[in-house]
Number of protein chains: 2
Amino acid sequence: MNLRELSESLGLSQTTVSRALNGYPEVREETRLRIQAAAEAAGYTPNSRARRLATGRSMAIGHVMPLTGREELVNPIFADFIAGAGEVYAREGYDLLLSMVPAEGAEAAYRQMAANASVDAVMVQAPTLDDPRIALLQDLGLPFLVHGRTANPSTYSWFDVANVRAFRRATDLLLDLGHRKIALLNGQETLDFALRRRRGFEDAMAARNVAVTPQWMRAEVMTEQYGYRAACEMLDAEMSPTAFVVSSIIPAIGVRRAAGERGLRTGRDISIICHDDALSYMGNDGLNAPEGPAFTATRSSIRAAGRRCAEILLRLIDDPDQPPIQELWETELTLGRSTGPAPT
Amino acid sequence: MNLRELSESLGLSQTTVSRALNGYPEVREETRLRIQAAAEAAGYTPNSRARRLATGRSMAIGHVMPLTGREELVNPIFADFIAGAGEVYAREGYDLLLSMVPAEGAEAAYRQMAANASVDAVMVQAPTLDDPRIALLQDLGLPFLVHGRTANPSTYSWFDVANVRAFRRATDLLLDLGHRKIALLNGQETLDFALRRRRGFEDAMAARNVAVTPQWMRAEVMTEQYGYRAACEMLDAEMSPTAFVVSSIIPAIGVRRAAGERGLRTGRDISIICHDDALSYMGNDGLNAPEGPAFTATRSSIRAAGRRCAEILLRLIDDPDQPPIQELWETELTLGRSTGPAPT
DNA sequence: TGGCCAACTCAAAGCGCTTTGGAGAATGCG
DNA sequence: CGCATTCTCCAAAGCGCTTTGAGTTGGCCA
């Protein structure tokens with residue numbers, strides 16, 4: 001059943017039927033109801049392909065999911081982010097077009113999305129300090145929202161969490177607990193968020209006149225193995241840290257594994273504090289858990305971020321020439337069982 | 001730049017230009033080269049919306065990512081699966097349309113995809129024993145591939161891993177190590193794969209005349225917290241298991257956490273064997289890890305599965321009336337550090 | 001020379017919808 | 001009553017591509 005057939009069956013023009021179904025005011029209410037009823041009865045759904053061509057809108061948002069590292073790892077954090085965004089898209093009638101490409105291929109992916117106009121806007125994730133994608137998208141004239149920021153974030157719309165403050169507070173907590181030998185297991189420091197987190201860490205240490213120890217600072221792709229290996233090396237060295245600030249719950253699990261193998265109790269012999277994206281399957285929220293969260297963490301739900309980013313992006317589509325929308329969320333410091341006073 | 005402009009600039013008809021660019025034989029090679037050069041020079045890309053309307057194909061595959069449980073959890077396993085599938089789609093020029101809906105909404109999502117023809121085929125994941133989506137899709141005439149199987153898998157195309165054998169072997173390994181008090185932390189047993197895994201576990205136990213202990217068998221959404229809580233309860237009980245068979249690496253991490261808190265060394269005081277989907281950020285593959293994988297596991301890369309599923313699905317699109325394609329992969333049993341002889 | 005086939009190329013008809021620019025009918029106003 | 005509005009509704013022109021069916025060449029053979 002298409003529009004022509006439906007309108008013929010009603011003895012009306014396609015124009016009227018189309019307008020009735022799309023809520024335009026030029027059609028009498030009574031007629032509209034009759035048309036809607038007929039459409040429903042006939043199981044009519046407008047062909048989205050035809051509609052897209054006619055309107056020039058894709059009703060789709062492009063997400064380019066970066067595959068990081070040489071092994072092209074798939075970060076589970078993006079799954080939650082996308083789930084959040086997807087909720088909003090679904091609600092607003094948008095499709096989510098997902099393109100997974102290694103970091104080098106991202107530019108080509110965006111170019112193609114712009115060239116064949118398969119999406120109305122794109123979401124940019126995990127920007128580097130001076131991310132070339134931003135200039136590219138501005139150039140292409142494709143609306144976009146950056147989840148995160150770059151060094152110079154004034155010219156475009158972005159959404160971010162307060163990474164510096166989050167990591168400063170996390171480090172402060174450890175310092176308050178008496179820790180002085182603190183390691184930082186950061187994410188890749190080509191990414192802007194990692195640099196901000198490092199700054200938060202360093203600021204906190206400097207404010208207390210605690211020197212940072214270079215061999216206790218790492219910056220790699222945030223896998224479980226990375227946390228494990230880094231912790232193993234540090235814990236096996238002559239001088240070892242008593243606390244770890246970790247960029248994600250995943251490497252934090254690796255740190256706990258390393259500690260456990262050495263007979264060190266997390267939260268007593270060793271403290272771990274991590275950033276927690278509130279990944280749903282990790283359930284570090286402490287909900288339904290009388291014992292509380294496993295990890296003390298700076299928490300910010302990546303899924304909620306996805307929802308918010310989607311909302312902002314859709315606003316950007318409606319009026320692409322408005323001034324940039326920029327939003328910063330604070331994180332929440334949640335106490336879990338992975339931190340305790342520095343061992344004496 | 002559109003086709004009309006391009007063809008006018010060349011002094012050729014749209015037909016010829018279109019055919020030249022799409023590789024039809026009716027155009028002289030010399031002409032084709034001239035056209036291609038001009039298209040490239042002009043930066044011409046066919047408008048995908050127009051093309052989709054004209055061809056009646058969407059060049060897109062729908063994935064409906066189920067949000068499980070009351071909390072609508074996002075399973076990170078799907079991220080890897082989708083990444084694998086996405087690789088293939090990108091290579092073949094297909095888009096990946098992702099729709100995230102709670103389990104109850106899946107049917108509506110598929111219906112809509114079929115109704116407005118926004119995709120050429122869909123991927124069905126995590127089927128239940130008698131999944132209604134299959135009849136629905138057959139009814140709608142939308143090509144689909146099931147990742148997993150149902151109770152009666154003869155009428156449709158599917159791809160699955162040998163879950164029964166995997167879990168039988170896993171359990172056998174523990175039995176060989178002398179364990180008799182073995183717990184099963186399964187996934188939700190509404191899902192077909194979980195039932196198969198349970199069967200594998202029970203078969204192995206029965207073959208050795210070891211009785212299963214009902215209170216050591218759980219079936220829930222595979223979160224870290226689930227593994228933790230279940231293990232806590234079992235380990236704190238009067239009689240406690242010495243080994244755990246776990247449906248995924250994520251709850252296995254929870255089991256390890258529970259054990260660690262109790263001062264039990266994983267791989268010595270307690271054994272854990274889990275199914276490992278080779279999630280990239282978990283890195284349980286033991287690659288680049290001289291100490292080997294953390295967990296002994298039945299391994300099958302979910303990403304490779306995604307790739308294979310995509311390949312099969314695309315074949316199905318090309319010829320929807322062919323007999324069902326069905327493929328079963330074996331898992332690989334990898335020894336890690338989480339298993340050891342039963343404590344005496 | 002005429003006829004036929006291959007090799008090219010083209011005009012035009014869709015694909016199914018939205019949207020512009022009216023047209024006719026009903027209503028309001030002086 | 002006549003004219004201007006306001007409601008309703010319509011015909012037709014796109015959107016930019018693919019594809020059908022129909023030429024138009026030029027070469028080759030009888």
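Just so it is clear: chains get the letters A, B, ... in the order the sequence lines come, proteins before strands, and each one is counted from 1.
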Distance-only criterion, 3.5 Å: show the donor-acceptor pairs between side-chain atoms of residues 138-148 of chain A and protein atoms not counting sequence neighbours.
residue  : atom : partner  : partner atom : Å
A:Gln138 : NE2  : A:Thr155 : O            : 3.4
A:Gln138 : NE2  : A:Thr155 : OG1          : 3.3

Worksheet, complete the sentence: Rounded to whole Å, CG of A:Leu21 lies from C1' of D:dC9 at a distance of 15 Å

Practice prompt. In whole angstrom, give the distance that lies between atom CZ of A:Arg51 and atom P of C:dT19.
Written response: 9 Å

Practice prompt. Examine distances only and state if a side-chain atom of B:Trp329 and a backbone atom of B:Asp160 form a donor-acceptor pair shorter than 3.5 Å.
Written response: no

Worksheet item: Heavy atoms under 4.0 Å, any strand shown: does A:Thr31 hit a base, just sugar-phosphate, or nothing?
Response: sugar-phosphate

Practice prompt. Send over the distance from B:Met59 CE to D:dC17 P, rounded to a whole Å.
Written response: 16 Å

Worksheet item: Pick the nucleotide of DNA chain C nearest each of B:Arg34 and A:Asn22; which residue has the one closer to the 5' end?
Response: B:Arg34

Discussion item. Taking any heavy-atom pair under 4.0 Å as a contact, classify A:Thr15: base, sugar-phosphate, or nothing.
Written reply: base

Worksheet, complete the sentence: Side-chain contact check for B:Gln14: nearest option of D:dG16, D:dT18, C:dC10 is D:dT18

Worksheet item: What is the distance, rounded to the nearest whole Å, between atom CG of B:Asn47 and atom P of C:dC15?
Response: 19 Å

Discussion item. Judged by each residue's nearest nucleotide on DNA chain D, which is more toward the 5′ side, B:Leu53 or B:Thr16?
Written reply: B:Leu53

Worksheet item: D:dT8 C1' sits how many Å from A:Glu30 CD, rounded?
Response: 12 Å

Discussion item. Would you say A:Ser18 places a side-chain N or O within less than 4.0 Å of OP1 or OP2 belonging to C:dT18?
Written reply: yes

Worksheet item: What integer distance in Å separates A:Tyr24:OH from C:dT20:P?
Response: 8 Å

Worksheet item: Could you state the CD-P distance from B:Glu26 to C:dA6, rounded to the nearest angstrom?
Response: 14 Å

Worksheet item: Taking the side chain from B:Arg133 and the backbone from B:Gln125, do they hold a donor-acceptor pair closer than 3.5 Å?
Response: yes

Discussion item. Please tell me if A:Arg52 has a side-chain N or O lying less than 4.0 Å from either OP1 or OP2 of D:dC15.
Written reply: no

Worksheet entry | Interatomic distance, A:Arg4 CZ vs C:dC17 P [rounded to whole Å] | 10 Å

Worksheet entry | Basic-acidic side-chain contact under 4.0 Å: B:Glu8, B:Arg4 | yes

Practice prompt. Run the salt-bridge test on A:Arg111 and A:Glu107 with the 4.0 Å N-O cut-off and return the result as yes or no.
Written response: yes

Worksheet, complete the sentence: When the rotation axes relating C1' atoms of four end pairs to the next four are compared across the helix from C:dT1-D:dA30 to C:dG30-D:dC1, five pairs an end, they differ to 10° by 50°

Discussion item. On DNA chain D, compare the nucleotides closest to B:Pro46 and B:Arg19; which residue's is nearer the 5' end?
Written reply: B:Pro46

Worksheet item: Between A:Arg52 and A:Asp95, is there a side-chain N and carboxylate O pair less than 4.0 Å apart?
Response: yes

Discussion item. Under 4.0 Å between a side-chain nitrogen and a carboxylate oxygen: does that hold for A:Arg91 and A:Glu311?
Written reply: yes

